[in-house]
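Worksheet for the structure shown next.
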Amino acid sequence: MPEETVAQDEILAELTSFVERRFLPEGTASLKSDAPLLQLGILTSLNTTELIAHIQEQYRLYIPPEHIVGRNFKTLDAISSFVFRLQGDPAAMA
């Protein structure tokens, strides 16, 4: 678990940057925090796996398999809220 809890807006900014850099074609406009990542095909199963690995490394969190569901990954807002909540969950300690 991180030494300090990271603010949700900081998580949102970092994850937005990661998703745009890794999964959007070069020259694509920025993503809005409420863009439907799954519906737009930005988060495929492979990309979601890479994002989960990034979250585990960046925030030192373990994501239990039962939490890897669409509602937690449908938008950048949902993902950042999910990561923020995990920081306070003893089961998510990596």
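Computed over heavy atoms, backbone and side chain alike; hydrogens, waters and symmetry mates excluded.
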Discussion item. Keeping Ser17 on the side-chain end and Ala13 on the backbone end, is there a donor-acceptor pair under 3.5 Å?
Written reply: no
Item to complete: May I ask you to test the Arg22-Asn47 pair for a side-chain heavy-atom distance under 4.5 Å?
Response: no
Item to complete: For residues Glu20 and Thr16, determine if any side-chain heavy atom of one lies less than 4.5 Å from a side-chain heavy atom of the other.
Response: yes
Worksheet item: At what distance, to the nearest 0.5 angstrom, does CD1 of Ile63 lie from CG of Asn72?
Response: 8.5 Å
Worksheet item: With a 4.5 Å heavy-atom cut-off, do Tyr59 and Leu86 have their side chains touching?
Response: no
Discussion item. If hydrophobic clusters are built from ILVMFWY residues whose side chains come within less than 4.5 Å, do Leu40 and Leu51 share one?
Written reply: yes
Worksheet item: Do you know the tightest heavy-atom contact between Thr44 and Gly41?
Response: CG2-O, 3.6 Å
Fill in: Minimal non-hydrogen separation, Ala91 against Asp89, with atom names
N-OD1, 2.9 Å
Worksheet item: Is any side-chain heavy atom of Leu37 closer than 4.5 Å to a side-chain heavy atom of Leu31?
Response: yes
Worksheet entry | Leu38 vs Arg71, side-chain contact (heavy atoms from CB on, under 4.5 Å): CA-CA, chis, key distance, verdict | CA-CA 10 Å; Leu38 299 170; Arg71 74 175 175 273; over 6 Å; no
Worksheet item: With a cut-off of 6.0 Å (strictly less than), are more than 12 heavy atoms of other residues, nucleotides or ligands near CD of Glu66?
Response: yes
Worksheet item: To the nearest 0.5 Å, what is the distance between OG1 (Thr75) and CG (Leu43)?
Response: 10.0 Å
Worksheet item: What is the distance from atom CZ of Arg60 to atom CD of Gln87, rounded to the nearest 0.5 Å?
Response: 12.0 Å
Worksheet item: Taking atom OH of Tyr62 and atom CD1 of Ile52, what is their separation to the nearest 0.5 Å?
Response: 10.5 Å
Item to complete: Could you list all the side-chain hydrogen bond (donor to acceptor under 3.5 Å, both in side chains) pairs where at least one residue sits in residues 23-36, not counting sequence neighbours?
Response: Ser33-Asp77
Worksheet item: Would you call Phe23 and Glu50 a side-chain contact if the rule is heavy atoms closer than 4.5 Å?
Response: yes
Item to complete: Taking the side chain as every heavy atom from C-beta outward, state whether Pro36 and Lys74 have any pair of such atoms under 4.5 Å apart.
Response: no
Item to complete: Let me see the working for Leu12 and Ile79 under side-chain contact (heavy atoms from CB on, under 4.5 Å), right down to the final yes or no.
Response: CA-CA 8 Å; Leu12 176 61; Ile79 300 167; over 6 Å; no
Worksheet item: How about Val19 and Ile42: do any of their side-chain heavy atoms sit closer than 4.5 Å?
Response: yes
Worksheet item: Under 4.5 Å between any side-chain heavy atoms of His67 and Phe73, yes or no?
Response: no
Worksheet item: Rounded to the nearest 0.5 Å, how far apart are OG of Ser80 and CD of Glu14?
Response: 11.0 Å
Item to complete: With side-chain contact (heavy atoms from CB on, under 4.5 Å) as the test, would you mind laying out the steps for Leu15 and His54 before giving the verdict?
Response: CA-CA 9 Å; Leu15 291 177; His54 172 76; 3.9 Å; yes
Practice prompt. Can you measure from CZ (Phe82) to CD (Gln8) and round to the nearest 0.5 angstrom?
Written response: 12.5 Å
